[in-house]
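Small disclaimer: the values here were computed from a predicted structure and weren't measured. All ligand and atom numbering here is 1-based and tracks the order in the structure.
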Amino acid sequence: MLAISPTDRLFVLTGAGVSAESGIPTFRGVNGLWRNYRIEEVASPHAWRRDPRLVWEFYSMRRRVASSAKPNPAHIALTKLEQRLGDRLFLCTQNVDDLHEQAGSVRVVHMHGELFKSRCDSCNRPPFGDTALYDPPADLPRCKCGGGIRPHICWFGEVPFELERIFRSLDECSIFMAVGTSGVVEPAASFVAHVGGRVRTIYVGAEEPANATAFTECLIGKAGEILPALLPT
Ligand code: APR
Ligand code: ZN
């Protein structure tokens with residue numbers, strides 16, 4: 001069981017591994033998404049300019065998979081931790097699915113955006129809830145301003161969301177935990193180095209991440225099995 005003092009502040013970073021047991025494919029694993037799709041063809045501003053239909057087919061497929069997924073014990077353990085710690089827990093996810101919210105987590109920071117939101121690629125109307133499947137995209141969705149409606153996702157080459165708030169919480173935390181992330185995509189992969197030796201750093205995941213040496217301890221296994229035993233409820 002993770003010892004958390006009454007003054008400890010936790011920063012938890014989750015990646016695709018936390019949703020794996022809910023049936024949502026990871027990116028770089030055996031059946032990872034990047035085995036079947038090329039990032040530059042479906043998840044970059046260049047891809048959007050070049051072939052928005054293919055981009056919407058990719059995100060419609062991901063919406064279809066995620067909408068039939070249910071939270072697993074890892075998500076539920078993190079919800080219980082939030083209920084216990086309140087604002088002493090900062091939950092930052094790289095995932096764009098809504099399983100943390102479905103499990104009951106209230107304060108979730110989606111640094112890579114959200115699958116069930118879209119936004120305009122031209123004007124600055126705020127992102128809006130959108131579960132539509134544009135697949136096959138007969139006619140692509142357009143904004144009143146004439147711009148194209150795109151997935152509210154941070155693509156490769158774009159700046160992740162809420163970084164200021166994220167780094168403030170990193171500086172305030174006394175325990176840093178990463179769950180189910182291969183530690184290869186920046187800036188999330190460097191969060192553990194950012195907190196450095198100042199705090200206790202724990203990794204929970206199915207295999208050692210690329211940044212394993214930066215963690216005080218690595219607990220290897222399934223998040224849905226480790227987190228319920230590790231986190232106080
Ligand atoms: N429990 C815990 N960890 C698991 C499980 C599981 N059941 N199954 C797989 N994992 C681990 C894998 O060992 C791997 O280290 O989850 C990690 C998933 O790594 P990636 O597929 O690279 O996903 P992630 O690290 O979240 O990717 C980061 O890359 O493609 C971009 O924007 C996308 O947010 C994504 C970012
Ligand atoms: Zn617009």
Side-chain angles (χ1 to χ4, degrees), residues 12-44 47 58-59 62 66 69 71-78 92-97 99-100 108-115 118-128 130 140-161 166 177-192 202-212 215 218-231:
V12 176
L13 170 71
T14 61
V18 87
S19 296
E21 290 154 86
S22 299
I24 296 186
T26 61
F27 293 96
R28 295 169 184 83
V30 174
N31 305 317
L33 280 174
W34 299 143
R35 292 263 184 284
N36 307 314
Y37 293 89
R38 291 164 57 83
I39 289 176
E40 55 279 7
E41 288 177 352
V42 293
S44 71
F58 177 64
Y59 284 97
R62 294 184 64 191
N72 67 62
H75 297 106
I76 293 158
L78 286 165
C92 174
T93 186
Q94 298 172 93
N95 299 341
V96 294
D97 63 56
L99 295 182
H100 282 304
V108 186
V109 176
H110 284 272
M111 64 181 288
H112 289 165
E114 296 177 69
L115 190 55
S118 296
R119 72 171 193 260
C120 176
D121 68 2
S122 304
C123 71
N124 52 14
R125 71 185 267 199
F128 54 92
D130 182 7
L140 289 178
R142 301 210 71 82
C143 176
K144 286 197 288 301
C145 79
I149 297 297
R150 59 165 278 183
H152 179 50
I153 298 283
C154 174
W155 283 328
F156 286 88
E158 294 183 323
V159 179
F161 303 105
I166 287 171
M177 177 184 292
V179 184
T181 176
S182 56
V184 299
V185 174
E186 296 299 350
S190 298
F191 287 175
V192 60
I202 303 152
Y203 179 75
V204 174
E207 62 212 295
E208 280 219 334
N211 54 358
F215 287 91
C218 281
L219 307 175
I220 301 304
K222 291 184 169 187
E225 291 166 9
I226 294 178
L227 289 194
L230 179 70
L231 300 179

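- The shortest contact between atom 14 (C) of ligand 1 and any protein heavy atom is with Glu207 OE2, 4.0 Å.
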* Kindly indicate, with the supporting measurements, whether the criterion salt bridge (Lys or Arg N to Asp or Glu O under 4.0 Å) is fulfilled by Arg150 and Glu158. => CA-CA 14 Å; Arg150 59 165 278 183; Glu158 294 183 323; 2.9 Å; yes

* **Pair Leu230-Leu219, side chain to side chain contact (heavy atoms under 4.5 Å, CB included): steps then yes or no** => CA-CA 10 Å; Leu230 179 70; Leu219 307 175; 3.8 Å; yes

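- Looking only at distances, no side-chain donor or acceptor of Asp97 sits under 3.5 Å from a matching main-chain atom of Ala66.
- Of all atoms in ligand 1, listed by their number and element, those nearer than 4.0 Å to a heavy atom of Gln94 are 28 (C), 34 (O).
- Among protein heavy atoms, the minimum distance from atom 26 (O) of ligand 1 is reached at Ala16 N, 2.8 Å.
- For Phe156, every heavy-atom contact with ligand 1 shorter than 4.0 Å involves the side chain, none the backbone.
- The nearest heavy-atom contact from the protein to atom 11 (C) of ligand 1 is Gly17 CA, 4.0 Å.
- The distance criterion of under 3.5 Å between nitrogen or oxygen atoms is not met by Gly183 with respect to ligand 1.
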* Apply side chain to side chain contact (heavy atoms under 4.5 Å, CB included) to the pair Ser118 and His152, showing each step before the final yes or no. => CA-CA 4 Å; Ser118 296; His152 179 50; 5.6 Å; no

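- In the vicinity of Gly15, heavy-atom distances shorter than 4.0 Å reach the ligand 1 atoms 26 (O).
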* **Evaluation steps, side-chain hydrogen bond (donor to acceptor under 3.5 Å, both in side chains), between Thr14 and Gln94** => CA-CA 6 Å; Thr14 61; Gln94 298 172 93; over 6 Å; no

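- Each of the atoms 3 (N), 16 (O), 17 (C), 18 (C) of ligand 1 lies under 4.0 Å from some heavy atom of Gly180.
- The distance from the CD atom of Glu114 to the CG atom of Asn95 is 11.5 Å, given to the nearest 0.5 Å.
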* Asked: Under the side chain to side chain contact (heavy atoms under 4.5 Å, CB included) criterion, do Tyr203 and Asn211 qualify, and how do the steps go?
  -> CA-CA 10 Å; Tyr203 179 75; Asn211 54 358; 5.5 Å; no

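- The residue among Ala178, Ser182, Pro160 with a heavy atom at the shortest distance from atom 15 (O) of ligand 1 is Ser182.
- At a 3.5 angstrom cut-off on N or O pairs, Ala206 counts as close to ligand 1.
- Residue, atom and distance of the protein heavy atom nearest to atom 8 (N) of ligand 1 are Ala20 CB, 3.6 Å.
- Annotation: atom 1 (N) of ligand 1 to nearest protein heavy atom, Ala223 N, 2.9 Å.
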* Can you check ring-ring contact (aromatic ring centres under 6.0 Å, His included) on Phe58 and Trp34, steps first, answer last? -> CA-CA 11 Å; Phe58 177 64; Trp34 299 143; 5.8 Å; yes

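- Residue Lys222 places no N or O, backbone or side chain, under 3.5 Å from any N or O of ligand 1.
- Atom 27 (O) of ligand 1 has its closest protein heavy atom at Arg28 NH1, 3.0 Å.
- For atom 25 (O) of ligand 1, the nearest non-hydrogen atom of the protein is Thr181 OG1, 2.7 Å.
- Numbered from 1 in the order shown, with element, the atoms of ligand 1 that lie under 4.0 Å from a heavy atom of Gly205 read 2 (C), 3 (N).
- Neighbouring protein atoms of the Zn ion (ligand 2) (N, O or S, distance under 2.8 Å, waters ignored): Cys120 SG, Cys123 SG, Cys143 SG, Cys145 SG.
- Protein heavy atom in closest approach to atom 7 (N) of ligand 1: Glu21 OE2, 2.9 Å.
- Looking at every heavy atom in both residues, Gly15 comes nearest to Thr181 through CA-CB, 3.9 Å.
- Proximity of Gly221 to ligand 1 is established by a heavy-atom distance of less than 4.0 Å.
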* To do: Using the side-chain hydrogen bond (donor to acceptor under 3.5 Å, both in side chains) rule, take Glu40 and Ser44 through it: C-alpha gap first, then chi angles, then the decisive distance, then the call.
  => CA-CA 6 Å; Glu40 55 279 7; Ser44 71; over 6 Å; no

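- The shortest N or O to N or O distance between Phe27 and ligand 1 is below 3.5 Å.
- Only side-chain heavy atoms of His112 come within less than 4.0 Å of ligand 1; its backbone N, CA, C and O stay farther off.
- For ligand 1, none of its N or O atoms has an N or O atom of Asn95 under 3.5 Å away.
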